[in-house]
Amino acid sequence: MHLESKTIWQHAAGDPQHDHTELCLKYDLILSGVGPQTLRQEMKQGEVVVLKVGVNRVCGVGILGEYVELGEDGAFGDLDGWTLGHARRVSWVWKGETNDEDGKFDGRPLTRKTTSRLWKEEVRKWVAKKVAELKTEREPANYAQLPKAGSPVRLIDVADCLFNRGFRGDLIRDLLDPDREFMELAKWYHQWWNERPSENETVAHLVVPFLRSLGWTPRRIALEFHNIDVALLSDFVESDDRSAPRRDAEVVAVVEAKAVHESLLSWTAAQAKGYAERERVLRIIVTDGLRYGVFWRANATQPWPEKPGAYLNLIRPRDRYEIYDCRGAKEAIWAMTPDWQPEP
C-alpha cells in the first residue's frame, strides 16, 4: 500500500482519565461522542487512521471501514461516563503493547483534537513502515462482533429482586421513581458538564442519600474517615466513652467518590483499592453520584479484579454491561446494601 495518495487521520482513544484503547483495538473501531460529520462524511473507507493517546503516543494503525451509528442506547452509550454513539470500523494493521516504546515520539507531534488529519512527517513515515507489508489494497475485514447493549431494567424488577432477598423493595422503588425528588435531582446533575459540582456536593446530595436508602444509618456512614471519602462501617455497640463513639466499628466497604461525570473505573478504582487493602475490606464502591461501580472479592487475601462485578447508572439502569463483562443494576444495588455477603 502506498500512502502518498492516502489521507492519514489521527483519532484519540479517550483522554488520560478515559483510555479506550483496549476496547477500540478489541472491537475493531474508533469511537466518538461528538457529531458524526467527521467520522461519517469526511473520513473515507480505505484511508489510514492512527489511534493515539495524548500528543506523543500511537497505539494502533489501521485501515478505515464503514461508519456505524451506535446511538446513545448502544453498548458504548455509557463508557465510564461518556456517551460514544458514533464509530468507524477499522482493520488494524498494527497494535501497540502497553508501555511499548514503539509508537512513542519525542515532543508533541500529535494534536489534542479528537479527530484530525495527520501532517507531521516523522509520524507519517513511521506509519508508512507499519503498512509497508500491504502489497495491495486491503481486502474487506472480518471485524470483531460489536458488544451488545444491556436491556433496560424496570424499577419493579429491582424492587422485587431486593424484596426476595429480605430487603424492603419499596424503598428502592420510591428512591428511583423518576417523578420523586431524588431522581429529579440526579437528572438535574446529569445535565451538568461545565462548572460541574464539587466532589463534596456530589457526596452530600447524591451519594449519602442513596446509601441511606439502601439501609446504611448515619452512624455507619463515616465521611473523610482515615482519608477515605466515605467509609461504610460494621454494626457496633454504643459506648459510654464519648471520646470513642465508634469503638469496635470496622470498615466493611470503601466508597471513593468523584465529581459528576469523572472517570470511575480506571485511576479512581486504583486509588480505592489502596485504601481497601489497608482496611482489608471485601467491597469497593466507586461513584460520581450518578454511576456506581462495585468491586468485590471473596476474602481479604484475594487480589482485586480489574473490572467491577456490577455497575449501576441511575439515569439509564441496564441488566448487564458486556464492555465491562459485569452484571447490572439489580446486582449492583444489592452489593451496596449492608446485608450483602460475597458469594462463596
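Asp73 has a carboxylate O that lies under 4.0 Å from a charged side-chain N of Arg316, or vice versa, which qualifies the two as a salt bridge. A salt bridge links Lys104 to Glu101: one of the charged nitrogens lies within less than 4.0 Å of a carboxylate oxygen. Of the charged side-chain nitrogens involved, none lies within less than 4.0 Å of a carboxylate oxygen, so that Arg327 and Asp319 do not count as a salt-bridged pair. Under 4.0 Å is where a charged nitrogen must lie from a carboxylate oxygen, and between Lys258 and Glu256 at least one such pair does.
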| request: Please assess Asp102 against Lys129 for the test salt bridge (Lys or Arg N to Asp or Glu O under 4.0 Å), listing each intermediate value before the final yes or no. | output: CA-CA 12 Å; Asp102 192 12; Lys129 292 181 180 179; over 6 Å; no
| task | Carefully, step by step, assess Trp82 and His20 under the rule ring pair (Phe, Tyr, Trp, His ring centres under 6.0 Å). | result | CA-CA 11 Å; Trp82 283 8; His20 306 141; 5.4 Å; yes
| task | Step by step, work out the salt bridge (Lys or Arg N to Asp or Glu O under 4.0 Å) result for Arg318 and Asp78. | result | CA-CA 10 Å; Arg318 295 290 187 267; Asp78 179 9; over 6 Å; no
| Does the pair Lys148 and Arg320 meet the rule for a side-chain contact (heavy atoms from CB on, under 4.5 Å), with working shown? | CA-CA 10 Å; Lys148 297 179 180 179; Arg320 69 170 289 103; over 6 Å; no
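A donor-acceptor pair under 3.5 Å is formed between the side chain of Lys273 and the backbone N or O of Pro305. Panel note: side chain Gln10, backbone Arg117; a donor-acceptor pair is recorded below 3.5 Å. No side-chain donor-acceptor contact under 3.5 Å links Ser91 to the backbone of Ile63. Looking only at distances, no side-chain donor or acceptor of Tyr311 sits under 3.5 Å from a matching main-chain atom of Pro308. Ser213 contributes a side-chain N or O that, together with a main-chain N or O of Phe210, makes up a donor-acceptor pair within less than 3.5 Å. Judged by distance alone, with hydrogens and angles left aside, the side-chain atoms of Arg88 form no donor-acceptor pair with the main-chain N or O of Ile30 at under 3.5 Å.
Both Leu214 and Trp296 are assigned to one and the same hydrophobic cluster, defined by single-linkage of ILVMFWY side chains at heavy-atom distances under 4.5 Å. With hydrophobic clusters built from ILVMFWY side chains whose heavy atoms lie under 4.5 angstrom apart, Leu162 shares a cluster with Leu314. Tracing side-chain contacts under 4.5 Å through hydrophobic residues (I, L, V, M, F, W, Y), one never reaches Leu312 starting from Ile323; they form parts of separate clusters.
Under the ring-ring contact (aromatic ring centres under 6.0 Å, His included) criterion, the residue pairs touching residues 105-125 are Phe105-Trp126, with sequence neighbours excluded.
At least one side-chain heavy atom of Ser263 sits under 4.5 Å from a side-chain heavy atom of His18. Ile333 is not listed as a side-chain neighbour of Tyr292, based on a closest heavy-atom distance of 4.5 Å or more. Between Val286 and Phe295 there is a side-chain heavy-atom pair separated by less than 4.5 Å. Side chains of Thr287 and Val203 form no contact here, defined as non-hydrogen atoms less than 4.5 Å apart. At a threshold of 4.5 Å between non-hydrogen side-chain atoms, the residues Phe76 and Thr83 do not count as touching. Taking the side chain as every heavy atom from C-beta outward, Tyr27 and Tyr143 never approach each other to under 4.5 Å.
Residue Glu22 places its CD atom among 12 or fewer non-hydrogen atoms of other residues, nucleotides or ligands, all under 6.0 Å distant. Within a 6.0 Å radius of CD in Glu181, other residues, nucleotides and ligands contribute 12 heavy atoms or fewer. The number of heavy atoms from other shown groups lying within 6.0 Å of CD (Glu121) is above 12. Within 6.0 Å of CZ in Arg196 there are more than 12 heavy atoms belonging to other residues, nucleotides or ligands.
Between Leu25 and Gly60, the shortest heavy-atom distance links the atoms CD2-CA, 4.3 Å. Nearest heavy atom pair, residue Ala149 against residue Ala75, reads CB-N, 3.6 Å. In this structure, Trp92 and Asp28 approach most closely via the heavy-atom pair CD1-OD1, 3.3 Å.
Legend: residues meeting side-chain hydrogen bond (donor to acceptor under 3.5 Å, both in side chains) with Ser198, ordered by chain and number and at least two apart, are absent. Partners of His11 by side-chain hydrogen bond (donor to acceptor under 3.5 Å, both in side chains), not counting sequence neighbours, listed by chain and number: Thr115. Remark: Asp177 engages Asp179, Arg180 in a side chain to side chain contact (heavy atoms under 4.5 Å, CB included) (not counting sequence neighbours). Residues passing the salt bridge (charged side-chain N to carboxylate O under 4.0 Å, His left out) test with Asp80 are Arg291, sequence neighbours excluded. With sequence neighbours left out, the salt bridge (charged side-chain N to carboxylate O under 4.0 Å, His left out) criterion links Arg89 to no other residue. By the side-chain hydrogen bond (donor to acceptor under 3.5 Å, both in side chains) test, Tyr189 pairs with Glu201, sequence neighbours left out. Partners of Arg283 according to the salt bridge (charged side-chain N to carboxylate O under 4.0 Å, His left out) rule, which considers only residues two or more places apart in sequence or in another chain, do not exist here. For Lys187, the salt bridge (charged side-chain N to carboxylate O under 4.0 Å, His left out) partners are Glu184, not counting sequence neighbours.
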Please table the atom pairs, donor to acceptor, closer than 3.5 Å between any side-chain atom in residues 150-157 and protein atoms at least two apart or in another chain.
residue	atom	partner	partner atom	Å
Arg154	NE	Asp157	OD2	3.1
Arg154	NH2	Asp157	OD1	3.0

Give the table of side-chain donor-acceptor pairs shorter than 3.5 Å for residues 39-56, with sequence neighbours excluded, one pair per line with atom names and distance.
residue	atom	partner	partner atom	Å
Lys44	NZ	Gln41	O	2.9
Glu47	OE1	Trp9	NE1	2.7
Glu47	OE1	Lys44	N	2.9
Lys52	NZ	Thr111	O	2.7
Lys52	NZ	Lys113	O	3.2

Please tabulate, for side-chain N and O atoms in residues 226-234, each donor-acceptor pair with protein atoms closer than 3.5 Å (sequence neighbours left out).
residue	atom	partner	partner atom	Å
Asp229	OD2	Ala257	N	2.9
Ser234	OG	Glu250	N	2.9

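For the side chain to side chain contact (heavy atoms under 4.5 Å, CB included) with Trp334, the lone residue among Val294, Val158, Asp339 that qualifies is Asp339.
A donor atom on one side chain and an acceptor atom on the other are found under 3.5 Å apart for Thr301 and Asn299.
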